[in-house]
Number of protein chains: 2
Amino acid sequence: MPTLRLALCQVNPTVGDLVGNADLVRRWTRQAAEAGAQLALFPELMLTGYPVEDLVFRRSFVAASKAALEQLATDLAADGLGDLPVLVGYLDADGPPQVSADAQPGRGARNAAALLHRGTVVGTYFKHHLPNYGVFDEDRYFVPGDTLLVVRIGGVDVALTICEDLWQAGGPFAVARRAGVGLVLNINGSPYELNKDDIRLPLVRRRAAEAGATIAYVNMVGGQDELVYDGDSMIVDATGALLARAPQFVEHLLVHDVDLPPAKEPVEGDEEIADDMRIVHTKISDILPPAPTGALARGGIIEPVADEAEVWQALVLGLRDYVDKNRFPSVVLGLSGGIDSAVVAALAVDALGPDRVVGVSLPSQHSSAHSRADAEELAKRTGLDYRVEPIQPMVDAYLANISLSGVAVENLQARVRGVILMALSNQEGHLVLTTGNKSELAVGYSTLYGDSVGGYNPVKDVWKTLIWRLAKWRNADATRRGETPPIPENSIGKPPSAELSPGQLDSDSLPEYDVLDPILIGYVDGDLGRDGLIASGHDPAMVDKVLRMVDTAEYKRRQSAPGTKISIKAFGRDRRLPITNRWREHG
Amino acid sequence: MPTLRLALCQVNPTVGDLVGNADLVRRWTRQAAEAGAQLALFPELMLTGYPVEDLVFRRSFVAASKAALEQLATDLAADGLGDLPVLVGYLDADGPPQVSADAQPGRGARNAAALLHRGTVVGTYFKHHLPNYGVFDEDRYFVPGDTLLVVRIGGVDVALTICEDLWQAGGPFAVARRAGVGLVLNINGSPYELNKDDIRLPLVRRRAAEAGATIAYVNMVGGQDELVYDGDSMIVDATGALLARAPQFVEHLLVHDVDLPPAKEPVEGDEEIADDMRIVHTKISDILPPAPTGALARGGIIEPVADEAEVWQALVLGLRDYVDKNRFPSVVLGLSGGIDSAVVAALAVDALGPDRVVGVSLPSQHSSAHSRADAEELAKRTGLDYRVEPIQPMVDAYLANISLSGVAVENLQARVRGVILMALSNQEGHLVLTTGNKSELAVGYSTLYGDSVGGYNPVKDVWKTLIWRLAKWRNADATRRGETPPIPENSIGKPPSAELSPGQLDSDSLPEYDVLDPILIGYVDGDLGRDGLIASGHDPAMVDKVLRMVDTAEYKRRQSAPGTKISIKAFGRDRRLPITNRWREHG
C-alpha cells in the first residue's frame, strides 16, 4: 500500500494581493518540502483570496490571476521545488464574457484549482457545486465545472474538489467513488461560524464514506472584511477515522503520512458517467520527492476549544486582519466604562498590542463617577493609550444655537463623541472602532452617526448576553494564566446604561437582555415569525414589542460599520432585507 | 379571428404590504372591467412587491402571501369582478425548505403568477429563468419552474411568463411557439436604467418573432429602496408591430383590443417537450366579460422622453416613494449654494411640494457671499422652508478643546453640519437628504459622517456632468412652460467648491469633471481596467490618479445613504467590491 506524505498548508492570503499570495505559496511549499512532503495543498482561490466579489468582472484582474498562476509554476521550479506537486486555488475564465443580443451580463469565470508540477500546470479542476446562500454569491460569478479530474500521483489516484463540492451528497464525491480513487483533495474558503467545527468533521466523515476514500481538507485562515476563516484543516480516512486536525485561527502546516490504496487500472482516457459529470483521468510525472525515511509524520489532532475561547479568537483575528490588511497603524475607541467598549478594548489590545490602541473617555454631565473610574481602570489594566475629552463645551455650543429637547439632546451627545473620535482619526491616522453589540443593532438602540461612528465593529455580530460571557471568560482565562484580568469587574457587573439622560438605564427602554436575546436569536438568526416565537414559549406582548423595534431599525443597521461575522445571520453580509417594507410581524 | 380587450395594469405596489397591494389589484381590476377588459394583468410579485429579499426565508411571510392570493380571488368575485380573468404575481413555496443532513439552507420558494377567475386560482406559472446578475439575486431565493402553462381564454391559447423569461432566447418563448399559442403574457418587475427603454422594445420584438405570437408586457412603476420601476408597458404583435405603449414613471391603465388567432386544436393533457420544459394546457370557464361593442379600444403609443427628462422623472419618483412609503412627513437638506444641493432641493420640491422641504444654509467663515445668496435665491424660487444656522460657534468649541489641523479641520466643519441636520431631523421628524453626486462618491471627495450624513441621496447614481445637464434641462423646461426656473444660474455656472478652507476649489484636488467622469464611467460602469482605459484614449497619468482615488474610497461608499439607481452599476446594490483588497489597477 503506497504511503504519501501530505502537507496541508493552512495559510492566510489577502484578497487581491496576487504577488503576496504567490509568495506565501512559495514559502510554505518550501517548508512542506523541508518536511518531506510529496503533495502540498493550499486553500480555495489561494492566489486571489476569497471572496473577490465583483473584481471577477474585471478582465484585467482575471488575466492577472491566470498569469500569476503560470508565474508561480515557473517560480516553484526555479526555487528547486518543482518535483513537489502543489494544488492551489485560482481564478480562471474560459474567455471574454459571452455577449449576444439577448444575453445578460455576468458569469463567465471559474472557481478553479490547478495542480502544479515541474514548472507547469499539469491539471485543472473547476468547482462543480456553487454555493449561492448565506454569504455566498457564486451563481453571480462562476460557471460550474462538469468534469472530475483524477490524477495519478505516486501510484495513487487522487481526485480534486473544491469547498461546496463537499457539502452536497451525490456530487463529485459520489463520482470519485465511481472513479475508484484512493484520495480526494478538498480545498476550502470556508468561513467561521459558531459551532461550525462541530458540523465539519461529521460532514467530512460522511463524504469519505460516500467516496470510499481518504479526504484531505484544507481551509484558509484569517479575516476578510466581515468574514473570518478558522482553518480547522483535517485528514479523514475512508473508514471515517480522523487522522490529523490543525488548530483554528492560526496559520499551520499539517504534515501527515497517509497509507493509500494503489491505483488499480491503467490511466485511461475520458469516461462519460451518469451523474452529470465526466471523469477525466490523467497522470503526472513519476519524478516526485523521494519517499521519506525515518519516523512517520504525524500531524496530530487538535481538539476545538470551548465556545467562548473560539469566538474570542475569531474576533481577535478578524479585527487584526482588518486593521493590518488595510494598513491602519492603530485604532481609537471611546471608553464609556461600560461592558461593550471594555470588551472591544480588550479585543483590540489582544489583536494589536496596547501601543496601537487609543482609548478616549468622553464624559458628559450625565456620566457617572464609576463610568470614568471604570474606563480609567480598564486603561490601567490593559496598558492602552488613555485620554479624557469632556464633551460638555461642544454640546453646550449646539444647545446655545439650536432649540433641542428629548431624544434630540440625547443623540447630540453621542454625535459630539463621534465627531471627536473622527477628528482624532483624521488628525492621527487611527481607525475608529465601533462598539455596539448585535442586540443594540437589532433593536436600533444606538445613535446613527453617534456611537455607530467607526470603520470597524468587532462585536457587530455578538449578542449582549454573549458579550458578558466573553468578558467573564477572558478574565478567568487571564487569572488561570496568572495575568491581570483586563476587564474591570464593575464593568461586567453593573446595569447597562447609555448615560445620555439623568439616571438612564437600558432597561428603561429595552427588556432585560436575557429575555430580549432569545427572541432576537429566534427572529434574526432563525427566521421565525411571530407565531413561531410565541410557540417557542415567548410572551406574546414581549414578542410584539421586540419585533416592532427590530422591524423599524433596518436603516440604522445598513449604516453600521462592518464587523466580524460569527453567527448564521450577521447583519449586513448574509441578511438582506428591504428598508421600504410594510410587512410587520408584530401584532 | 377572436379579439380580446387586454388591460395592462401598470401600478405601484409597496413591498410587504399584502393588504394594500391586494386592494390595488381590486381597484384597478374594477377600472379595467369598466373599460370592458376581458383579460387584466398585473406586474411580477404584485402582491408582495419586488424585491422582497430575505423576507422570502420567513415562513410566516410566504404563508401570508399565499393566503392573500386566495383571499384576493374571493374578494374579486365578491366585488362582482369574478368573470374577468386576472393575472397577478405572488410569492409561492412548495412547502417547508428541504433540510437533510448535508443540505444547505436556502431556496425553496417560487416567483409565481396566478390566473384568477370566478373566485378561484385557475392556473399557476413558476418563473423559469431566474436572473442572478446586477441587482438580481433570484438564485438565492427561488427554485426555477419547468412547466409552461397555456390557458385557453376566449378561444385563444395564452401562455404565462414572468420577466427574465423574456430576456433569454430559447426559453419559454421558444416553447410557446411549440405550443402554438396566440398570445404570451409577460409580467415584470423590471427596474429603470438609463437607456433601458431603448433596449426593451427591440427585445420584445425579437421574442414575439421567436414565439410567433403577440406579447403583452406589463411592468410595475414606483420606487423601492434604490430601485425605481419605470413602467413602459407595451403590446407588440407577432410581426413586431408596436400596438400600444404606456408612459413611464406614472401609474397607467393600458387598454387595447388585440386580434388574436383562434386556438387550433382541442385542449390536451400534459405534453413533454425537448427544451427542458413541459407544456401543460388548460382551459378556463367560457364565462367571460362580454365582447365589447362600439369603437375599438386603442391604448395609444407614448414615445419615451429625452434622457434628461427621463432621469429627472426617475429621481423624483424614487425620492417621493422612499419618503412616502417609509412615511416620513418631510425632508431636510443643507443648502450650500452649490449645484448638487440645488438640484436635490429642486428634485425634492418636485417630488413632495415646497411645504415638505426644509433647506438649511449652514455658513462657516469660509462660505462666500455668493454661496449664501445663491442658497437664499434657490429658496425664494422654489418656496421651500428656508433657515440659516451658522456653524462657527460649534466649530470653535471643538477647536478650543482639541488640537486639530488640515483635513481634520475641513472635515470637522462638514461634520458639525451633519450633526445640526440630524438634530433637526430628531427634533422635527424630517428625513435628511444627502446631496453627494456619484463622481464625488467614486473618488471619495466627501466627509464621512459629514456631508454624507442622511437617509436618502437622490443623486447618488448621477455623475457630476449629468448633474449640470439635469439642472440646465430643468430650468429650460420651466422656462418653456412659463414658470420660474428653480435653480439659480449662478449655482450652475460657478466653479464647484467644498468651501472648507480659504479659496478652495474642487479642481485643487480633482481633475476637471469633463475629464474625470469619462474615466469613472469606464472604470465603474464598464469594468474596464487600466489598460482598457488607456486604450480608450485617456492619459495614463490621469488614469492612474483617478483609479488610485476610486480604489481607496470603497469604505466611504459602503457607508453612503441609499439613493435611486439609474445606471448599469450604482454604488451599493449591484456593485460589490471587497474593502480589504490589495488589487490596484493604477500603476
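So you know, we letter chains A, B, ... as the sequences are listed, proteins then strands, and number each from 1. Treat the numbers as computed from the prediction; the structure is a model and nothing was measured.
Within the model, atoms CZ of B:F57 and CG of A:D527 stand 7.5 Å from one another, a figure rounded to the nearest 0.5 Å. Atom CZ of A:F136 is separated from atom CG of B:D139 by 15.5 Å, given to the nearest 0.5 angstrom. Here A:S65 contributes atom OG and B:W583 contributes atom CH2; the two are 9.0 Å apart, rounded to the nearest 0.5 Å.
In this structure a side-chain-to-backbone donor-acceptor pair under 3.5 Å is present from A:R140 to B:G134. Remark: side-chain polar atoms of B:D225 are paired, donor with acceptor, to backbone N or O of A:I579 under 3.5 angstrom.
In this structure, chain B has no heavy atom under 4.5 Å from any part of A:S425. Of the atoms belonging to A:T14, it is side-chain heavy atoms, and not backbone ones, that fall under 4.5 Å from chain B. The contact between A:S403 and chain B is made entirely by backbone atoms, counting heavy-atom distances below 4.5 Å. Only the side chain of A:Y555 comes within contact range of chain B, judged by heavy atoms closer than 4.5 Å. Both the backbone and the side chain of A:N401 come within contact range of chain B, with heavy atoms under 4.5 Å apart. Contact annotation for A:A561: both backbone and side-chain heavy atoms come within less than 4.5 Å of a heavy atom of chain B. With a 4.5 angstrom heavy-atom cutoff, A:D324 touches chain B only via backbone atoms. Heavy-atom distances place no part of A:E410 under 4.5 Å from chain B, backbone and side chain included.
Contact count against chain B (heavy-atom pairs under 4.5 Å) is highest for A:N411 among A:V56, A:D321, A:N411. Contact count against chain A (heavy-atom pairs under 4.5 Å) is highest for B:P562 among B:P562, B:A400, B:G49. With chain B as the partner, the residue from A:L412, A:T447, A:I420 showing the most heavy-atom pairs under 4.5 Å is A:I420. Most heavy-atom pairs under 4.5 Å with chain A, from the set B:L424, B:V416, B:D531, B:V407: that is B:V416. Interface summary for chain A: among B:G529, B:A408, B:G20, the most heavy-atom pairs under 4.5 angstrom belong to B:A408. Ranked by heavy-atom pairs under 4.5 Å with chain A, the list B:D17, B:L18, B:N581 is led by B:N581. Chain A forms more heavy-atom pairs under 4.5 Å with one residue of B:K569, B:E428, B:Q224, B:R530 than with any other, namely B:Q224.
Of all residues spanning residues 389-396 of chain A, those with a heavy atom less than 4.5 Å away from chain B's heavy atoms are A:E389, A:P393, A:M394, arranged by number.
Residues B:T580 and A:V15 form no side-chain contact, since every pair of their non-hydrogen atoms from C-beta on lies 4.5 Å or further apart. The side-chain heavy atoms of A:R576 and B:D137, taken from C-beta on, include a pair separated by under 4.5 Å. Using a 4.5 Å heavy-atom cutoff, the side chains of B:R582 and A:R327 are in contact. Residues B:Q427 and A:S405 have side chains in contact (heavy-atom distance under 4.5 Å, counting atoms from C-beta outward).
At a cut-off of 3.5 Å, with distance as the only test, a side-chain donor of B:R415 or A:N426 sits close to an acceptor on the other residue.
For A:D551, the salt bridge (Lys or Arg N to Asp or Glu O under 4.0 Å) test picks out no residue, with sequence neighbours left out.
Between A:P51 and B:P578, the shortest heavy-atom contact is O-CG, 4.1 Å.
Salt bridge A:E585/B:R58: present, at least one basic N to carboxylate O contact under 4.0 Å.
Tested against A:Y449, the residues B:L448, B:V453, B:V432 include a single side chain to side chain contact (heavy atoms under 4.5 Å, CB included) partner, B:V453.
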